[in-house]
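First the proteins, then the strands, lettered A, B, ... as listed; each starts at 1.
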Amino acid sequence: LETASQPAGTAGREPGGCPVIHEDFSPLRQAGFHWQWADELREGSPLYFNRFAQGYWVFTRHDAVRDMYKNPQIFSSESITPWEPNPIYRFVPTQIDAPDHITYRRIVNTWFSPRAVERADQTIRGICRSLVERVAPAGACDFVAEFALRFPTEVFLNFIGVDTAVTDQFVRWVADFFKGFSGDPAGLEPMTQALEGIRQFWIAALEERRGEAAPRDGDLASHLMHATFDDRLLTDDEVLAMLTVLVLAGLDTTRAQLGYLFRHLATHPGDRAAIIADPLLIPSAVEESLRFYTIIFGDGRKVTQDTEFHGAQLKKGDMVYGLVSGANRDPRAYERAGEFILGRKRNHHFGFAGGPHRCLGAHLARREMQVGVEEWLRLIPDFRIAADGDLAERGGGAMMTLMTLPLAWEVAR
Amino acid sequence: VKLTVDGAACMGHGRCYQLAPQLLSCDDEGYVTVRDQTIEVPADQATAAEEAAGTCPEEAIILMPE
């Protein structure tokens with residue numbers, strides 16, 4: 001059968017001298033554990049073979065992760081979870097390769113462009129302000145449940161033209177989806193049901209809009225129904241696959257990144273004071289949190305051809321994992337890599353991935369985080385972590401996120 | 001100093017025009033406008049140009065000293 005390997009063909013693979021590990025990256029851990037783990041893996045070896053699931057390669061350093069992203073013709077996005085080479089979902093354009101990828105991508109690029117985000121600034125700010133005003137008088141809150149989950153969800157639904165009354169339902173679906181994304185078998189059922197729930201929501205939305213002569217203003221579902229791929233309209237299946245991934249990617253990630261940024265601000269009063277004194281530092285604080293507190297433990301790809309890559313003899317069908325957490329803190333790529341540096345200039349991190357699949361929502365996410373910091377510090381300039389004991393974070397098989405972040409602050413009585 | 005952007009490599013991260021807003025700008029999709037072009041960097045923009053080049057995750061921005 002020549003050299004072409006099946007997707008599961010790495011099980012008995014002789015990895016050619018690189019260290020072999022057997023690690024499940026999905027369990028819940030103590031907050032911060034995953035970055036420490038990534039540091040240890042990266043400094044231990046640039047390359048591992050992980051015998052978990054069917055087995056896959058792990059590249060731990062910045063140069064290899066960069067090259068994985070820069071060579072999508074070798075590293076296909078058909079699967080982005082190395083422990084599951086054939087997932088039950090197929091997101092568009094996330095899991096589409098060239099040449100079709102860019103055609104899909106251009107349909108949504110403008111919607112999520114910096115200019116579109118700029119136009120939404122006052123809306124984003126208004127949503128944020130009302131949430132901060134709601135929690136401020138209490139002197140305490142669970143930042144994750146009461147702010148970080150709600151703010152990006154309301155902004156995102158607003159940004160794509162969906163009634164924010166469905167916020168709670170979407171939050172539940174997204175949580176259930178990520179139970180299965182990490183490869184935990186017990187999460188497969190909730191993931192399947194969440195995908196079906198989201199699908200039914202969008203099927204109903206498409207039915208409601210069918211036959212309309214022109215796209216509704218500010219309504220992404222309607223925009224997609226009128227969009228063309230080359231010279232044909234998108235099919236319902238394409239539109240549904242696009243809307244589903246946008247919801248999953250747009251709601252969970254920003255809450256996760258906000259949680260870590262605010263945990264940093266709560267525990268680093270010096271950085272907080274510096275930002276209050278010079279708000280122009282806020283974009284760099286956001287960027288540095290995307291590097292230093294990246295929520296992406298790693299990013300998976302499927303190998304399309306036999307090739308040698310950074311010391312590994314890859315075979316077609318192999319799965320690889322670019323350890324983004326390792327790359328973002330690689331001292332070979334960053335000065336003072338292990339420190340959060342406010343005002344860092346050379347910050348070529350992969351917190352939004354890299355290559356053609358660079359996070360579509362990056363500009364929106366950045367703005368949400370910047371506005372989040374501005375509006376929060378305006379009303380609550382001084383705050384601390386209220387919890388005794390350790391905070392927990394969801395495993396890196398999905399994207400890391402703090403499960404809770406209890407904050408407290410003084411309230412004038 | 002001259003600056004050039006490898007158009008095929010630019011993925012629209014948006015960090016260059018955030019760091020060097022007086023030198024670089026974006027198109028309607030968020031890609032930098034000067035793809036596959038070479039521009040002259042004014043003396044007062046030299047630092048901004050270096051920061052923009054250093055922060056591009058795709059290494060798409062190349063600076064050429066004259």
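Interface remark: B:E50 contributes no atoms to any contact with chain A (heavy atom separation under 4.5 Å). With a 4.5 Å cut-off on non-hydrogen atoms, A:L360 does not touch chain B at all. At a 4.5 Å heavy-atom cutoff, A:A327 makes no contact with chain B through either its backbone or its side chain. Only the backbone of B:C56 comes within less than 4.5 Å of a heavy atom of chain A; no side-chain atom from C-beta onward does.
Interatomic distance, OG1 of B:T55 versus CZ of A:R344, reported as 10.0 Å (0.5 Å rounding). A distance of 14.5 Å separates CE of B:M11 from SG of A:C359, quoted to the nearest 0.5 Å.
In this structure, A:E335 places its CD atom where only 12 or fewer heavy-atom neighbours from other residues, nucleotides or ligands lie under 6.0 Å away. Within a 6.0 Å radius of CD in B:Q22, other residues, nucleotides and ligands contribute 12 heavy atoms or fewer. The number of heavy-atom neighbours closer than 6.0 Å to CG of A:D217, taken from other residues, nucleotides and ligands shown, is 12 or below.
Counting heavy atoms from C-beta outward, B:E59 and A:R66 have side chains that approach closer than 4.5 Å. Residues B:P57 and A:H349 form no side-chain contact, since every pair of their non-hydrogen atoms from C-beta on lies 4.5 Å or further apart.
The side chain to side chain donor-acceptor pair (under 3.5 Å) with B:E29 is formed by just one residue from the set A:R106, A:R105, A:R115; it is A:R106.
Under the 3.5 Å distance criterion, the side-chain polar atoms of A:R358 are left unmatched by any main-chain donor or acceptor of B:C10. A donor-acceptor pair under 3.5 Å is formed between the side chain of A:H363 and the backbone N or O of B:G12. Not one N or O on the side chain of A:R346 forms a donor-acceptor pair closer than 3.5 Å with the backbone of B:A53. Proximity of a side-chain donor or acceptor of A:K70 to a complementary backbone N or O of B:E58 within less than 3.5 Å is detected.
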TODO: Dump the intermediate steps for side-chain contact (heavy atoms from CB on, under 4.5 Å) on B:Q18 and A:E287, then the final yes or no.
DONE: CA-CA 11 Å; B:Q18 186 187 54; A:E287 224 55 57; 3.8 Å; yes
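Scanning all heavy atoms of the two residues, the minimum distance from B:G30 to A:S113 falls at N-CB, 4.4 Å.
Most heavy-atom pairs under 4.5 Å with chain B: of the set A:T110, A:N109, A:V108, this distinction falls to A:N109.
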